[in-house]
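One structure follows; several queries about it will come next.
The sequence lines fix the lettering, A, B, ..., with proteins before strands; numbering per chain opens at 1.
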Protein chains: 2
Amino acid sequence: MEKISDFTVRRLSSYYRILSDLEQKKVLTISSAKLAEFGGITSAQVRKDLSYFGNFGTRGLGYNVSELKNEITRILGLNQTWGMALFGAGSLGNALFFHQGFRDDGFFFRYLFDVDLGKIGTKWGNLEILAVDKAKEVLKRDPVDIGVITTPKEAAQDIVDLAVEVGIKGILNFAPRELVVPEGVSLRNVNLAVALESLSFSLSI
Amino acid sequence: MEKISDFTVRRLSSYYRILSDLEQKKVLTISSAKLAEFGGITSAQVRKDLSYFGNFGTRGLGYNVSELKNEITRILGLNQTWGMALFGAGSLGNALFFHQGFRDDGFFFRYLFDVDLGKIGTKWGNLEILAVDKAKEVLKRDPVDIGVITTPKEAAQDIVDLAVEVGIKGILNFAPRELVVPEGVSLRNVNLAVALESLSFSLSI
DNA sequence: TAGATTGTTAATCGATTAACAATC
DNA sequence: TAGATTGTTAATCGATTAACAATC
């Protein structure tokens, strides 16, 4: 398969959300022009993105909303569940843990780890926070797919190394630090400071 | 001035963090090659990004860490403070509110708004959560620079319209919904679902 | 059928990188 | 001075868009 850019993947996520909305509103078909309008892009972009994966439309009519949503669900791997481990049980981790939208999409936290003795042994919902020292043993016995890092930046690389060692193949990092992962492991960074600083830049000029 | 791409601005944020680290470690000078290595990019990219704003280096020697950090601080508008209003006092908003890093960078929450009667009147730190009905009046009297949206997606566009009406020029949106802002208002979206779905895609292929 | 809209190619646009003269 | 490294130009790469034949 042709190499798919992250730009395309992020737009697929956007289409997925738009189609979910439309499906709920009982809209049956949609043109690339309409979909583009909702996503704030061009219709050529929509058709190009979809064309990497197949011919989902009907000339003259457009796309069937439910069908296209199902195709994108499959493409994005959202037709299955993903097990996650959270490293760093702080307030950001807490917000992510209780975020219903992730569960709806099939992303479940299965383990919570922290270094804070005051937190270890306490529960979020009915999931206990474990000592990060136990993580290697626990995750080797019972692997997860994705590691979510909400530790302070100083700890982040060590956690990545641990995650890689226990076979985690996807990492979502919130720590504001450049991280190194080996070939075959996917890393996505969410840096809230960058978003604010980019706003600050726009407001300054 | 030449149009600066958001790619460049985001990398400036990255340089800013790297230089802050280096300054703390008492490193005095750095070459574009080293800076690039830390940021995971090429040295040409670093020099190109900086060249939009001036000549900050010395041929043969590289860049003075503190000097370059100060220049970038100024470019990004981080040599001043920014007042923010939070719309949606949920767990994500709470995590942002108590995040020390934003304060260090000069971003301060000055108002908290919610619709939930159970939350209105309670305090985070010593800042009271106000009814969103009061927002227009309050923010017209005492404007802020940035609106941070952590409401459910259904409410997000109304909040944007309110924010625009009271003169807010920068919006940081966490609601997973495409928002419309008029010319002259900057909008940055942080969509956590997109990040997870992009990981899911990578893990699926 | 006539009108609408896809899927795809080729053109365009913009971002990244290689290369090197300038110069510390 | 000789070696190192910047600032900048030109080449390359890759993403977006315009255009249109195919076809429902």
Residue whose nearest DNA chain D nucleotide is more 5′ - B/Leu50 or A/Gln45: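 Its nearest nucleotide lies further toward 5', so the answer is B/Leu50.
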
Six-ring centre of B/Phe97, B/Arg103 cation under 6.0 angstrom, axis tolerance 45°: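 Checked: cation-pi criterion met.
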
Sugar-phosphate only, base, or nothing, as touched by A/Ser32 at under 4.0 Å among non-hydrogen atoms: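 Sugar-phosphate contact only.
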
Identified pairing partner of D/dA4, criterion: Watson-Crick or G-U wobble below 3.5 Å: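 Pair assignment: D/dA4 / C/dT23.
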
DNA chain D: 5'-most and 3'-most nucleotides touching chain A, 4.0 angstrom heavy-atom criterion: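 Range of nucleotides touched by chain A: D/dA15 to D/dC24.
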
Parallel, tilted or perpendicular: ring planes of B/Phe107 versus B/Trp82, cut at 30 and 60 degrees: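 Parallel, since the angle between the ring planes stays under 30°.
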
A/Thr8 side chain near B/Phe201 side chain, heavy-atom distance below 4.5 Å: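 A side-chain contact under 4.5 Å is absent here.
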
C/dA15 - base-pair partner by Watson-Crick or wobble geometry, distances under 3.5 Å: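 Check on C/dA15: paired to D/dT12, both distances under 3.5 Å.
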
Spacing of NZ belonging to A/Lys69 relative to CD belonging to A/Glu71, to within rounding of 0.5 Å: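 Those atoms lie 13.0 Å apart.
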
Spacing of B/Ile146 atom CD1 and B/Ile171 atom CD1 [to the nearest 0.5 Å]: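 Taking CD1 in B/Ile146 and CD1 in B/Ile171, the distance rounds to 10.5 Å.
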
Sugar-phosphate, base or nothing in reach of A/Ser5, heavy atoms under 4.0 Å: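 The residue A/Ser5 makes sugar-phosphate contact but no base contact.
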
Pair B/Ser51, B/Arg47: side-chain N/O donor-acceptor within cut-off below 3.5 Å: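 No, no side-chain donor-acceptor contact under 3.5 Å.
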
5' priority, DNA chain C, between A/Asn55 and B/Thr58 [closest heavy atom]: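 Of the two residues, A/Asn55 wins.
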
